[in-house]
There are 2 protein chains.
Amino acid sequence: MAGRTGRVTATDVAKEAGVSQTTVSYVLNDVPHQKISEQTRRKVLDAVAKLGYKPSAAARALRLGRSDLVLMFLPDVPVGGTITALVEMLGDELERHGLNLVTRREHHAPLKSLWRELMPAAVMTAFEVSDEDVASMRAAGIHVVSAGMGPDAAPGVLTIPQTVIGAMQVERLADTGHVRIGYAAPGDPRLRDFLALRLEGARTACAERGLEPPVLLDVPLDIAAAAAAAEQWHSADPAVTGVCAYNDETAFALLAGMRRVGLSAPGDLAVIGVDNDKLAPFAMPPLTTIDNNLDVVVGRAARMIVGGVAGRALPSSPQVTPVSLVVRESA
Amino acid sequence: MAGRTGRVTATDVAKEAGVSQTTVSYVLNDVPHQKISEQTRRKVLDAVAKLGYKPSAAARALRLGRSDLVLMFLPDVPVGGTITALVEMLGDELERHGLNLVTRREHHAPLKSLWRELMPAAVMTAFEVSDEDVASMRAAGIHVVSAGMGPDAAPGVLTIPQTVIGAMQVERLADTGHVRIGYAAPGDPRLRDFLALRLEGARTACAERGLEPPVLLDVPLDIAAAAAAAEQWHSADPAVTGVCAYNDETAFALLAGMRRVGLSAPGDLAVIGVDNDKLAPFAMPPLTTIDNNLDVVVGRAARMIVGGVAGRALPSSPQVTPVSLVVRESA
DNA sequence: CACCCTCACTGTTACGATTCAGTGACGCAC
DNA sequence: GTGCGTCACTGAATCGTAACAGTGAGGGTG
């Protein structure tokens, strides 16, 4: 049955079923304009089951010129948090459609080298990629789905509107009576791009409400440093009474720093995070935050990727994900 | 230069360099017993650079009978937390050696079907796999690295000793004067296997110290439920004064529940977690926990995988990862 | 009964890499 | 000057699948 390599091939199945290897391929791929009798189809399927045949992904990829891999390029941000969850969810979803997700950090491999090697069915980028790169990938028959973070909702681009996040934070604080707003930036410089957009959203929202622009301070993941920032906001004149944190991590650090210097939320300083971290409900006090609805993003991304691979065109309508406010007690 | 497919092949490089395609392959793979003159080598390398040639992973995989993919089977535990970080780190590490990590949940695809399709260079399993499966993978030339969680340190198996974690938690509590110990189990039934081992470790440690076995209560990720559990421990007779939490998440929930009913840590109830979550220092009070040193695990796993693929034998010595106590304030 | 279709298949090639088995050219020994 | 051994390459087979280009059998038409 199997050759000396031990692998069961389509030829083995053909022999077992008493048909040609071509027929096996036609049956398994449900080739549109090929008529296969029910009887033959059954024989082939039985042989497949009996021998436990699994087509070789490598041979298929070589023949088709593209693999069943989906390549995801990630921005070079610290591990953990939102992106990791996104990867996890997307991987699960693609798996259901027979695709395999492989992730890659932006800085490690220059885009170009990798996609030429792997010939992925699709590429998903979670950061800005040059139009030139996108064009050459598209030319090679690869479906490219981009996740933008800006406010620009280009057709076929999946957008998580970072500016809206910042704006929504400010609005919550303004709605609860705060007029002097602070912004807690993460220490990590790799988050610069995200920070810039969220901050811009916050600034714009302040302007729209007739408030001063937010007072920006770094809040690294360190209690002492966070405490210093808290004091600085609290003792400013006029005092900052509400702070937008870059994310929940930063918010946790800030809350811890506040405790260190005897400040409490939301009384002395209201704090609102971003991400709706699993631990957010257990913060002291429970953390009010912005949920970026990753499940929606993942669902859409998966649909665009799977659809694209199946030959359907990308949606031309903007794909902006809604973000939502989760009110708890800290703001 | 390139065929009608647009792809630059080794044949294109050969033509450009004025040598045979075989020679190109020899140069690029540094084939041991083939003598290639420096001049020819240079010509080939120049042509490669000029054309931007990248070997096709699919063709290589077909020929070699194995791809550059590393397949990782994960237990079906909730997303987030330790395992996700491990995947992230391992992916980065393998990438440095030209390998691509693909993850798969235990429940989705039965092991067998996937490895036959992908012909991975190695398979890493983070849970128990039947010896039969391992044997057939090994027979197919795939390197299998298993991460066990039990106390058994089989040769070639990477072990994160879950029992030691539970024991270490108890020891910390006992060392700080606690004699009546509680154990906070997570609500999620999918964590059952891990729970059983950690709990067993805790039980054994209690016995060795001459303490009663730990009082087990469920602490789901819900403040009210956690509060109830906290009161139950606190009002027991004799009272439980120190609790081992299944992980940091559970510990956060417990601490939040305790606040709800006016109990504080470590005074009324000392709490010790597991995982050394990024947010652990910012808990109220800062969370004492067990660090399972994932970086060490990842380093070893990567070394075993890369070594195995390169043909080196697996280390025969036990590969038990040290876990360590991180003392903060909650216990 | 010659012609053309459709049906239900089969023979063969191509995808792009690795690698076994040569093959001239050259040097050296006897 | 024949024999032998390196050296530095090249030709061709091979991996397993997809799909193009047939092919014989059977049926309907004029």
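Here is how names work: the chains are called A, B, and so on, in the same order as the sequence lines, proteins then strands, and each is numbered from 1. Every heavy atom of this structure was used, including side-chain atoms; hydrogens, water molecules and symmetry mates were not.
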Checklist line | B/Glu38 CD to D/dC9 P, straight-line distance once rounded to whole Å | finding: 11 Å
Check: Which of these, A/Leu69, A/Asp68, A/Leu90, sits in a side chain to side chain contact (heavy atoms under 4.5 Å, CB included) with A/Leu99?
Finding: A/Asp68
Checklist line | Residue-phosphate contact under 4.0 Å: A/Asn29 side-chain N/O, D/dT17 OP1/OP2 | finding: no
Notebook entry, point to check: The side chain of A/Gln34 lies closest to which of these nucleotides: D/dC9, D/dT17, C/dC9?
Noted result: C/dC9
Item checked: Whole angstrom value for the distance that separates C1' of C/dA25 from NZ of B/Lys35 -> 17 Å
Item checked: Protein-nucleotide distance (B/Gln39, atom CD; D/dC7, atom P), rounded to Å -> 17 Å
Note to self: Please tell me if A/Thr22 has a side-chain N or O lying less than 4.0 Å from either OP1 or OP2 of C/dG11.
What the structure shows: no
Checklist line | Atom-pair distance (CG on B/Asp12; C1' on C/dA17), nearest Å | finding: 13 Å
Margin query: Categorize A/Val19 for me: base, sugar-phosphate, or nothing, with a 4.0 angstrom heavy-atom threshold over every strand shown.
Written below: sugar-phosphate
Next item on the list: Write down the distance between NZ (A/Lys43) and P (C/dA8), rounded to a whole number of angstrom.
Entry: 13 Å
Checklist line | D/dA18 OP1/OP2 closer than 4.0 Å to side-chain N/O of A/Ser25 | finding: yes
Checklist line | Most 5' of B/Leu64 and B/Arg41 on DNA chain D, judged by nearest nucleotide | finding: B/Arg41
Next item on the list: Let me know the distance between CE of A/Met119 and P of C/dA17, rounded to the nearest Å.
Entry: 10 Å
Notebook entry, point to check: Is a donor-acceptor contact shorter than 3.5 angstrom present between the side chain of B/Ser20 and the base of D/dG11?
Noted result: no
Next item on the list: Report the distance from atom CD of A/Gln21 to atom P of C/dT13, rounded to the nearest whole Å.
Entry: 14 Å
Check: What is the distance, rounded to the nearest whole Å, between atom CG of A/Leu62 and atom C1' of D/dT14?
Finding: 12 Å
Checklist line | Presence of B/Tyr53 side-chain N/O under 4.0 Å of C/dA17 phosphate oxygens OP1/OP2 | finding: yes
Item checked: Under-4.0 Å salt bridge between B/Glu93 and B/Arg300 -> no
Note to self: Less than 4.0 angstrom from a charged side-chain N to a carboxylate O is my criterion; do B/Asp30 and B/Arg41 meet it?
What the structure shows: yes
Next item on the list: Run through B/Lys50, B/Arg42, B/Lys43 and flag the one making a side chain to side chain contact (heavy atoms under 4.5 Å, CB included) with B/Asp46.
Entry: B/Arg42
Notebook entry, point to check: Between A/Ser56 and D/dC15, is there a side-chain N or O to OP1/OP2 distance below 4.0 Å?
Noted result: no
Next item on the list: On DNA chain D, check which nucleotide each of B/Ala59 and B/Tyr26 is closest to and give me the residue with the more 5' one.
Entry: B/Tyr26
Note to self: Looking at D/dA18, I'd like to know if its phosphate oxygens (OP1 or OP2) sit under 4.0 Å from a side-chain N or O belonging to A/Arg60.
What the structure shows: yes
Next item on the list: Can you sort out the partners of A/Lys35 under salt bridge (Lys or Arg N to Asp or Glu O under 4.0 Å), two or more places apart, ordered by chain and number?
Entry: none
Next item on the list: Measure the spacing between CG of B/Leu74 and CD of A/Glu88 and express it to the nearest 0.5 Å.
Entry: 7.0 Å
Next item on the list: Look at the side-chain N and O atoms of A/Thr23 and state whether any lies under 4.0 Å from the OP1 or OP2 oxygen of C/dC9.
Entry: no
Notebook entry, point to check: D/dC9 phosphate, OP1 or OP2: any side-chain N/O from B/Thr40 under 4.0 angstrom?
Noted result: yes
